[in-house]
Amino acid sequence: DELVRAEARMAVFRAVAIYGHYAGEVLLTAVRGSQTECDQYVRRFLEAKFLKHANLMAVLNAGEADVQGIHFAFVVTEPAGSTLQQEETLDRDSAWLLARDVVAGLGYLHSESLVYCALRPETIWRVRRRWKLGDYPELRLAGTGRAGGTRAIVGRQPGVPPEAVEGLVA
């Protein structure tokens, strides 16, 4: 219904949907790619579906589809307002709320032995009166005792900066 964010092969829409017992507004993210890329994308979000915390975007569903010969993956999440990137300014109280909510979400992930490696303004969403982490592009399982060690369960391989994956640096 409304385009919220668009990139080269990805778009986020605000839509109205019926899902199980839920009927209302959702965010629908669609990513165009090969069958393998779409499989990985869907697996990433279905793995994140078990995460339940007030400061994490709820994943309602994920899947793949073909529309007019174009293959894409999609994920449906709870409705959200805007991203931190879209906010013009925050007053002092809002900034403290943002910090508290982000730390709470990161703390929960850490308690689940997960590391959130995508903390950027476009992955932090305002949902009513809360800030929530979303997108789950690079969620990792904490390492096995090595200091700072992680093992990628979703997203890019450990030790590879996002810029290298995106082809911006060699």
Contact summary for [X] and [Y], nearest pair of heavy atoms:
| X | Y | value |
| --- | --- | --- |
| Cys38 | Gly33 | SG-O, 3.7 Å |
| Leu56 | Lys132 | O-CD, 3.8 Å |
| His71 | Ser34 | CD2-O, 4.2 Å |
| Phe50 | Glu112 | CE1-OE1, 4.5 Å |
| Arg14 | Gly81 | NH2-O, 2.9 Å |
| Tyr116 | Gly134 | OH-O, 2.7 Å |

Report yes or no: do [X] and [Y] belong to one cluster of Ile/Leu/Val/Met/Phe/Trp/Tyr joined by side chain heavy-atom distances under 4.5 Å?
| X | Y | result |
| --- | --- | --- |
| Val103 | Tyr108 | no |
| Leu98 | Leu119 | yes |
| Val76 | Val67 | yes |

Is the side chain of [X] donor-acceptor paired with the backbone N or O of [Y] at a distance under 3.5 Å, no angle test?
| X | Y | value |
| --- | --- | --- |
| Glu78 | Ala58 | yes |
| Asn55 | Trp131 | yes |
| Arg130 | Leu97 | no |

Legend entry - Candidate list Thr83, Leu84, Thr77, test side-chain contact (heavy atoms from CB on, under 4.5 Å), partner Trp125, passing option: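 Of all the options given, the one that passes is Thr83.
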Between [X] and [Y], is any pair of side-chain heavy atoms under 4.5 Å apart?
| X | Y | value |
| --- | --- | --- |
| Leu27 | Met57 | yes |
| Glu64 | Gln35 | yes |
| Leu133 | Ile124 | yes |

